[in-house]
Amino acid sequence: MLWLDIKIMLENVTGLDRDALHIYGALAIQFSLALFFRRSLGSLWPWTVVLAAALANEYLDYQRLGLSKAPEALLRQEAYHDLWNTMLIPTVLMLIARFWPTWMIGKSKEVDGVHTNGLQSETAV
C-alpha cells in the first residue's frame, strides 16, 4: 500500500480533508509525545518531531512525482501549503508554552496572603 493510498483511506474513514488531517495529525503527535515523555509543550523536542513527520510526509508526496517535471511547481506549492498548515498551531503552542506559560492558566488573586484563584476566601470568625 502506497503512502497516498493510506492518506486517501484516512480521508474516507474520518471524513476530513487533507488540510484538517495535517492539523490534527500534528497536534496528535505533539500532545502524545509531550504527554508520553513528560515534556512541556514548550520543549523543542515534540515540535521537532512534528516538523520531521511533516517533512517526511512531504518527501513521500514528492516521490509520487515520478519522471515528469510538469507538476513539480504545483507539488512544491502544495508542499509549502501543507508545511505551513501542519506547523502553524504546534509552533504557536510551543511559543506560548515556552515564553508565556501563565497566559493560558490565568493569574491567581491574592487576598490577605491567601491565593484564591478568583474564588471568595472564607475567613474564620
Side-chain angles (χ1 to χ4, degrees):
M1 182 178 261
L2 297 174
W3 180 241
L4 182 60
D5 296 333
I6 294 170
K7 290 169 59 170
I8 290 171
M9 182 190 68
L10 282 172
E11 282 182 61
N12 292 333
V13 168
T14 62
L16 299 171
D17 66 355
R18 287 189 190 154
D19 287 341
L21 288 174
H22 279 270
I23 295 167
Y24 294 145
L27 291 174
I29 292 170
Q30 186 181 28
F31 281 108
S32 297
L33 289 172
L35 183 65
F36 186 76
F37 291 105
R38 296 180 182 196
R39 299 282 183 122
S40 164
L41 287 178
S43 170
L44 284 176
W45 192 75
W47 181 89
T48 304
V49 174
V50 172
L51 179 61
L55 291 172
N57 176 56
E58 295 311 315
Y59 174 76
L60 291 171
D61 283 351
Y62 193 74
Q63 294 304 306
R64 70 181 170 153
L65 182 62
L67 299 175
S68 171
K69 296 294 180 189
E72 187 173 352
L74 178 61
L75 193 58
R76 188 174 292 126
Q77 183 180 5
E78 286 179 18
Y80 292 140
H81 172 82
D82 289 348
L83 286 171
W84 169 257
N85 211 14
T86 303
M87 295 307 299
L88 178 64
I89 295 175
T91 301
V92 169
L93 290 174
M94 187 264 304
L95 291 173
I96 289 171
R98 181 172 275 249
F99 297 109
W100 303 284
T102 59
W103 183 59
M104 297 298 261
I105 59 173
K107 298 177 184 173
S108 63
K109 296 178 184 174
E110 191 169 315
V111 178
D112 296 329
V114 176
H115 291 283
T116 62
N117 291 327
L119 302 174
Q120 295 280 339
S121 71
E122 296 180 21
T123 56
V125 182

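Below, each value reflects all heavy atoms present in this structure, side chains not excepted, and no hydrogens, waters or symmetry copies.
- Across every non-hydrogen atom of Asp61 and Leu75, the tightest pair is O-CD2, 3.7 Å.
- When hydrophobic clusters are built by joining Ile, Leu, Val, Met, Phe, Trp and Tyr residues whose side-chain heavy atoms come closer than 4.5 Å, directly or via intermediates, Ile29 is grouped together with Leu44.
- Note on residues 77-105: no pairs pass ring pair (Phe, Tyr, Trp, His ring centres under 6.0 Å), not counting sequence neighbours.
- The distance from the CD atom of Glu58 to the CG atom of Leu83 is 5.0 Å, given to the nearest 0.5 Å.
- A single hydrophobic cluster is not seen to contain both Leu55 and Leu4; linkage of ILVMFWY side chains at heavy-atom distances under 4.5 Å, directly or through other members, places them apart.
- The CD1 atom of Ile23 sits 8.0 Å away from atom CG of Leu88, with the distance rounded to the nearest 0.5 Å.
- Across Met87 and Ala54, no two heavy atoms sit closer than the pair SD-CB, 4.5 Å.
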Query raised in the report: Would Asn57 and Trp3 satisfy side-chain contact (heavy atoms from CB on, under 4.5 Å), going step by step from the backbone distance to the final call?
Result: CA-CA 8 Å; Asn57 176 56; Trp3 180 241; 2.6 Å; yes
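- Residues passing the side chain to side chain contact (heavy atoms under 4.5 Å, CB included) test with Ala20 are Leu16, Asp17, Tyr24, sequence neighbours excluded.
- For residues 18-38, the pairs satisfying salt bridge (charged side-chain N to carboxylate O under 4.0 Å, His left out) are Glu11-Arg18, with sequence neighbours left out.
- In this structure, Met9 CE and Thr14 OG1 are separated by 10.0 Å, a value rounded to the nearest 0.5 Å.
- Legend: residues meeting side chain to side chain contact (heavy atoms under 4.5 Å, CB included) with Gln77, ordered by chain and number and at least two apart, are Leu74.
- Evaluation of the side chain to side chain contact (heavy atoms under 4.5 Å, CB included) rule for Arg39 yields Phe37, Ser43, Trp45, Pro46 as partners, not counting sequence neighbours.
- Residues forming a side chain to side chain contact (heavy atoms under 4.5 Å, CB included) with Ala97 (at least two apart in sequence, or on another chain): Ser40, Leu41.
- Listed by chain and number, the residues in a side chain to side chain donor-acceptor pair (under 3.5 Å) with Tyr59 are Gln63 (sequence neighbours excluded).
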